[in-house]
Protein chains: 4
Amino acid sequence: MTAIEGEQWQVEFHSGIPVYRQVVNRICSALAAGQLQPGDRLPTIRRLHELLGINPNTVAKAYRELELKGILVSERGHGSFVSTDPSPPPPDAQERRARLDSFYRRILTEAAGCGLTENEVIQFIQQRKKNECHGRKV
Amino acid sequence: MTAIEGEQWQVEFHSGIPVYRQVVNRICSALAAGQLQPGDRLPTIRRLHELLGINPNTVAKAYRELELKGILVSERGHGSFVSTDPSPPPPDAQERRARLDSFYRRILTEAAGCGLTENEVIQFIQQRKKNECHGRKV
Amino acid sequence: MTAIEGEQWQVEFHSGIPVYRQVVNRICSALAAGQLQPGDRLPTIRRLHELLGINPNTVAKAYRELELKGILVSERGHGSFVSTDPSPPPPDAQERRARLDSFYRRILTEAAGCGLTENEVIQFIQQRKKNECHGRKV
Amino acid sequence: MTAIEGEQWQVEFHSGIPVYRQVVNRICSALAAGQLQPGDRLPTIRRLHELLGINPNTVAKAYRELELKGILVSERGHGSFVSTDPSPPPPDAQERRARLDSFYRRILTEAAGCGLTENEVIQFIQQRKKNECHGRKV
DNA sequence: GTGGTCTAGACCACC
DNA sequence: GTGGTCTAGACCACG
């Protein structure tokens with residue numbers, strides 16, 4: 001059993017975000033959180049298909065994309081594994097900044113579309129963070 | 001000339017967010033910010049088409065959607081105007097909270113997909129806010 | 001009509017090389033040869049599907065892979081285009097050398113599997129080159 | 001100990017070429033180079049399995065294929081041996097030429113897919129040959 | 001009419 | 001039983 005399976009996590013079919021993309025994001029997220037380590041075996045395509053109730057091809061598409069990105073390695077007959085190759089050097093500060101900037105602008109427009117204001121979002125995040133810290137202390 | 005035109009604002013063609021949606025979001029955002037007031041006239045479809053370099057059908061689709069939401073009113077031969085009807089009561093705290101929650105979860109997974117961590121995003125937002133305050137003081 | 005269509009070129013269904021990969025390679029090849037220039041429009045997915053007698057999804061898979069590599073850009077409703085973004089800097093001499101080395105070792109074993117010897121292959125290539133030069137002179 | 005074992009040679013797990021095929025090719029190659037002579041005993045399946053770190057079934061599959069081609073003869077309880085039967089007459093010039101031709105076209109498209117040009121490949125091969133000759137002189 | 005997504009299902013290659 | 005490829009076909013989103 002892998003970290004991915006262990007998580008209670010579901011695909012949102014009506015979020016507008018492609019299912020295969022949700023899978024990609026979920027794995028990236030698990031990776032960033034250290035729930036998946038280089039060399040770890042991922043659930044088989046068929047397993048995720050059963051687990052998430054999505055078509056095996058959809059899982060395969062997600063895995064394939066991650067493989068092209070060099071994040072995982074698939075071995076026929078064996079399974080798929082988190083790549084042990086040295087991951088590409090993390091983007092430098094400038095690139096990072098640019099991404100954050102673009103990302104932020106993007107979520108703001110999306111927020112507006114949901115009827116949420118920038119301030120609301122910021123307050124929510126700060127509030128959330130405070131609670132989290134509080135929670136940890138306890 | 002309207003508030004929308006005055007803004008230097010561009011469509012991002014490769015952001016993955018549909019162009020028509022960006023237009024919708026932009027207008028919602030202007031409304032929330034008070035840059036557009038009830039009764040204000042919006043740019044004509046043709047005008048936005050020229051201004052943003054997007055297909056007139058795309059603008060039309062955005063306006064149609066806003067009209068369906070009751071945010072716009074189109075008067076044949078005159079143009080489109082921000083509705084003067086009492087806008088629907090703002091969602092109550094609970095609904096708002098739910099939206100924020102769902103919205104937040106969503107952008108976090110998206111961030112992970114871009115190689116950004118939750119902390120990075122939070123820090124960026126806070127930093128940005130501080131700078132903004134500073135900027136206003138000056 | 002694009003450079004790709006203009007070429008008489010066919011998919012080899014029984015070569016053991018995946019069809020979508022042949023499409024990818026063909027386009028890379030056309031690009032390297034200058035038959036495709038940045039900004040050029042590629043045949044639509046449906047067009048290649050008709051032209052090559054392969055499933056549209058297979059073409060889409062090839063295009064998708066090229067898009068992930070940053071070689072082309074697909075615009076919904078418009079078509080697919082050779083990316084105008086500055087292509088990633090060509091691999092340095094060392095990387096190139098490594099690739100050639102690995103590539104060469106690979107084709108040698110493949111040749112052996114076909115009953116061809118290294119010398120045969122080398123001679124063939126040199127002969128071919130000579131003919132080509134001769135042909136050009138005439 | 002056999003010629004095959006003596007060679008420092010490894011399976012490339014991520015080359016895209018099936019492992020069993022690499023084994024087949026390696027043996028064909030050794031045969032063509034005279035490192036293996038008719039009647040020579042090949043390593044046992046178990047031995048190659050240990051040596052190369054591959055599944056015994058994979059070795060078995062390679063041997064089976066070679067046996068079908070008449071290149072090997074397996075004698076139960078004794079091992080596998082290079083066939084002493086007169087090998088099938090080498091393909092005539094025409095057949096050979098055709099194979100080379102098809103082979104060459106194939107590797108060229110593959111090269112393009114790796115970002116290598118025809119000239120690069122040719123130069124590499126010629127350079128390599130020159131070095132090799134030089135090396136032999138010394 | 002363009003590309004995108006997803007499903008269903010078949011068959012293959014590999015281990 | 002693993003992943004890989006391909007097909008067929010449906011439906012959607014976009015312009």
Side-chain angles (χ1 to χ4, degrees), chain A residues 11 13-23 41-50 52-65 67 72-81, chain B residues 11 13 16-23 45 49 52-62 65, chain C residues 11 13-23 41-49 52-65 67 72-81, chain D residues 11 13 16-23 49 52-62 65:
Chain A
V11 168
F13 286 97
H14 300 295
S15 68
I17 301 174
V19 174
Y20 83 94
R21 182 130 294 280
Q22 293 181 45
V23 175
R41 187 173 193 246
L42 289 160
T44 69
I45 289 178
R46 287 165 173 86
R47 175 99 184 92
L48 225 43
H49 140 68
E50 289 163 1
L52 302 178
I54 61 184
N55 190 290
N57 284 336
T58 304
V59 184
K61 184 174 184 178
Y63 277 22
R64 175 83 183 130
E65 183 154 335
E67 193 173 3
L72 59 84
V73 174
S74 291
E75 295 178 24
R76 214 170 191 145
H78 285 285
S80 303
F81 303 83
Chain B
V11 169
F13 286 98
I17 301 174
V19 175
Y20 85 95
R21 185 125 285 277
Q22 292 182 46
V23 176
I45 287 179
H49 142 66
L52 302 178
I54 61 184
N55 193 300
N57 287 335
T58 307
V59 186
K61 182 168 184 179
E65 187 154 312
Chain C
V11 168
F13 287 97
H14 299 296
S15 69
I17 301 175
V19 174
Y20 84 93
R21 183 130 293 280
Q22 294 181 46
V23 175
R41 187 173 194 248
L42 289 160
T44 67
I45 289 178
R46 288 167 175 84
R47 176 100 184 92
L48 264 197
H49 140 67
L52 302 178
I54 61 184
N55 191 291
N57 284 336
T58 304
V59 185
K61 184 175 183 179
Y63 277 22
R64 175 85 184 129
E65 184 154 333
E67 193 174 5
L72 59 84
V73 175
S74 291
E75 295 178 22
R76 214 173 190 142
H78 284 285
S80 302
F81 302 84
Chain D
V11 168
F13 286 98
I17 301 174
V19 175
Y20 85 95
R21 185 125 286 277
Q22 294 183 44
V23 175
H49 142 67
L52 302 177
I54 61 183
N55 193 301
N57 287 334
T58 306
V59 186
K61 182 169 185 179
E65 188 154 312

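Keep in mind the model is a prediction, meaning the values are calculated, not measured. Below, chain A is the first sequence line, B the second, and so on; all start at residue 1.
Scanning all heavy atoms of the two residues, the minimum distance from L72(C) to Y63(C) falls at CD1-O, 3.7 Å.
Using a 4.0 Å heavy-atom distance criterion, N55(D) is classed as a sugar-phosphate-only contact. Residue Y20(A) is in sugar-phosphate contact alone, with no base atom involved, counting any heavy-atom pair closer than 4.0 Å across all strands shown. Nucleic acid contact for R46(A): base, since at least one base atom lies under 4.0 Å from a heavy atom of the residue.
In this structure, R21(C) atom CZ and dA13(E) atom P are separated by 18 Å, rounded to whole Å. Atom CZ in R41(A) sits about 7 Å away from atom P in dT2(F), given to the nearest Å. Summarising the geometry, the separation between NE2 on H49(C) and P on dG1(E) is reported as 13 Å, rounded to the nearest angstrom. Taking atom CG of residue L48(A) and atom P of nucleotide dT7(E), one finds them 12 Å apart after rounding to whole Å. Between L42(C) atom CG and dT2(E) atom C1' there is a gap of 14 Å when expressed in whole angstrom units. What separates NE2 of H14(A) from C1' of dA13(F) is a distance of 16 Å, to the nearest Å. The separation between E67(A) atom CD and dT2(F) atom P is 17 Å, rounded to whole Å. In this structure, the CD1 atom of I17(C) is 16 Å from the C1' atom of dC6(F), given to the nearest Å.
When each of dT5(F), dT7(F), dT5(E) is scored by its nearest atom to the side-chain atoms of F13(C), the top-ranked nucleotide is dT7(F). Comparing atom distances between the V19(A) side chain and each of dT5(E), dT7(E), dC6(E) picks out dC6(E) as nearest. Comparing dT2(F), dT7(E), dG4(E) by their nearest atom to the side chain of T44(A) picks out dT2(F). The nucleotide whose nearest atom lies closest to any side-chain atom of T58(B) is, among dT7(E), dC15(E), dG15(F), dG15(F).
The backbone N or O of I54(D) lies less than 3.5 Å from a partner atom in the side chain of H49(D), making a donor-acceptor pair. One N or O on the side chain of R41(C) and one on the backbone of H78(C) form a donor-acceptor pair closer than 3.5 Å. Side chain of R76(C) to main chain of P18(B): no donor-acceptor pair is present (N/O by atom type, distance under 3.5 Å, no hydrogens or angles).
If you find the closest nucleotide of DNA chain F to I45(A) and to H78(C), the one lying nearer the 5' end belongs to I45(A). Along DNA chain E, the nucleotide nearest to R76(C) and the one nearest to N57(A) differ in position, and the one closer to the 5' end is contacted by R76(C).
Residue K61(C) places at least one side-chain N or O under 4.0 Å from the OP1 or OP2 atom of dT5(F).
Pair assignment for dC14(F) gives dG1(E), based on Watson-Crick or G-U wobble hydrogen-bonding distances that are each under 3.5 Å.
Counting heavy atoms from C-beta outward, V19(B) and L52(B) have side chains that stay 4.5 Å or more apart.
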